[in-house]
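Presented below is the structure to which this report refers.
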Amino acid sequence: MKVLITDPIDDAGLERLREAGHDVETAYDVDGEALLDAVADANALVVRSGTEVTEAVFEAASDLVIVGRAGIGVDNIDIDAATEHGVIVANAPEGNVRAAAEHTVAMSFAAARSIPQAHARLKMGEWAKSDYLGTELNGKTLGIVGLGRVGQEVAKRLDGLGMNLVAYDPYISEERADRLGAELVEFEACLEQADFLTVHTPLTPETEGMISTGELELMGGGYLVNCARGGVVDEDALAAAVDDGVLDGAAIDVFAEEPVSPDSPLLDVDDIIVTPHLGASTEAAQENVATSIADQIDAAFAGEPVMNA
Ligand code: NAD
Ligand code: MLT
């Protein structure tokens with residue numbers, strides 16, 4: 001079977017696919033006609049977040065059995081078109097959860113203590129000690145929007161660091177929140193109470209733009225951390241809110257369009273710290289998701305159940 005890989009995955013996944021006897025081809029950074037040509041005779045397509053798997057891809061790939069997402073979010077795959085063309089969509093929902101949670105914690109501390117800003121100035125030769133008076137996470141309230149796999153791991157870690165936890169997630173039980181020591185509250189209450197608000201929802205029509213000017217005003221201070229999906233937070237509204245002092249700062253790993261444009265307003269505001277979608281970028285996480293998706297491709301070819309997104 002031909003397995004086409006259009007976003008780089010860990011070698012362990014490539015090896016597993018080759019050991020299973022598949023013809024593994026890579027075509028990175030292709031889009032448009034080049035992507036349609038590359039996928040034409042593929043039986044499986046493996047992507048991360050870089051490849052947009054549109055209806056045109058499914059139309060061009062008449063032998064496609066499965067699209068495997070080496071990661072969690074499947075917002076770059078047209079699921080309706082996949083269903084229409086009878087193609088399985090599978091993801092790797094477990095392998096990078098801890099990495100994403102750790103990055104969220106790191107970004108929270110980095111924003112609270114202005115670590116990137118102070119680092120940059122010291123590297124330029126400036127000893128700006130008196131310019132940075134940070135905030136402790138201990139004793140503050142963490143608002144979690146989306147208490148799923150990553151949200152729960154963030155909750156455990158920041159509970160352990162002395163934060164009070166509130167969460168908004170209309171799809172989980174109070175018992176699950178209780179077990180984590182988090183109080184389940186309405187969205188507005190979560191925004192109002194949070195000193196740090198961390199977003200962990202998927203990007204769906206319901207969550208797109210769910211945090212904009214009005215929601216940031218309800219926070220009325222504190223920090224917003226987004227290591228989930230860019231479109232959930234309105235970027236112009238966030239840049240304006242931090243620039244105007246409505247919020248103290250923000251830490252952003254994900255963008256509505258990636259790679260983010262150098263003209264993005266988020267890059268212009270000093271108190272917004274950014275990373276280029278690094279949440280899942282650890283060796284362990286990349287090996288986990290690559291081998292998991294390789295196993296699922298094998299399962300799909302064998303007609304066995306796969307872990308659907
Ligand atoms: P998950 O499906 O386990 O959890 C998502 C949670 O969001 C669920 O509990 C769901 O009930 C909740 N939710 C859905 N709609 C909501 C809404 N309107 N309001 C509030 N809550 C809502 O997903 P996960 O594995 O925890 O991943 C969370 C997000 O993090 C996803 O967007 C994923 O793509 C992203 N992610 C990013 C990175 C990264 O590299 N930055 C790494 C891993 C995951
Ligand atoms: C995910 O959804 O798994 C992450 O965003 C990480 C990635 O893009 O690989």
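Everything numeric here is computed off the predicted structure, so don't read it as measured data. Ligands are counted one by one from 1 in listed order, and the atoms in each one are counted from 1 as well. These values consider heavy atoms only, across backbone and side chains, with no hydrogens, waters or symmetry-generated copies.
- The 4.0 Å heavy-atom shell around ligand 1 contains residues I72, G73, N96, A100, G146, L147, G148, R149, V150, Y168, D169, P170, Y171, I172, H200, T201, P202, E206, T207, M210, C227, A228, R229, D253, V254, H277, G279, A280, ordered by chain and number.
- With rounding to the nearest 0.5 angstrom, the CZ atom of F196 is 12.5 Å from the CG atom of N164.
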Show me the short polar-atom pairs for ligand 2: any N or O of it lying under 3.5 Å from a protein N or O, with distances only.
| residue | atom | partner | partner atom | Å |
| --- | --- | --- | --- | --- |
| ligand 2 | 2 (O) | R69 | NH2 | 3.1 |
| ligand 2 | 2 (O) | I72 | N | 3.4 |
| ligand 2 | 2 (O) | G73 | N | 2.7 |
| ligand 2 | 2 (O) | R229 | NH2 | 2.7 |
| ligand 2 | 3 (O) | I72 | N | 2.5 |
| ligand 2 | 3 (O) | N96 | ND2 | 2.9 |
| ligand 2 | 5 (O) | R229 | NH1 | 2.9 |
| ligand 2 | 5 (O) | R229 | NH2 | 3.1 |
| ligand 2 | 5 (O) | H277 | NE2 | 2.6 |
| ligand 2 | 8 (O) | S49 | OG | 3.4 |
| ligand 2 | 8 (O) | R69 | NH2 | 3.1 |
| ligand 2 | 8 (O) | H277 | NE2 | 3.4 |
| ligand 2 | 9 (O) | R48 | NE | 3.1 |
| ligand 2 | 9 (O) | R48 | NH2 | 3.1 |

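- With hydrogens and angles left out, the side-chain atoms of H200 and D169 include no donor and acceptor closer than 3.5 Å.
- Under the side-chain hydrogen bond (donor to acceptor under 3.5 Å, both in side chains) criterion, the residue pairs touching residues 112-133 are R121-E126, R121-D131, R121-Y132, with sequence neighbours excluded.
- N76 contributes a side-chain N or O that, together with a main-chain N or O of R48, makes up a donor-acceptor pair within less than 3.5 Å.
- A salt bridge links K156 to E153: one of the charged nitrogens lies within less than 4.0 Å of a carboxylate oxygen.
- E25 is linked by a salt bridge (charged side-chain N to carboxylate O under 4.0 Å, His left out) to K2, counting only residues two or more places apart in sequence or in another chain.
- Salt-bridge formation is detected for the pair E94/R149: a Lys NZ or Arg NE/NH1/NH2 atom is positioned less than 4.0 Å from an Asp or Glu carboxylate oxygen.
- Atom CE of M107 is separated from atom CG of D253 by 5.5 Å, given to the nearest 0.5 angstrom.
- The CG atom of L45 sits 8.0 Å away from the CD1 atom of I77 when rounded to the nearest 0.5 Å.
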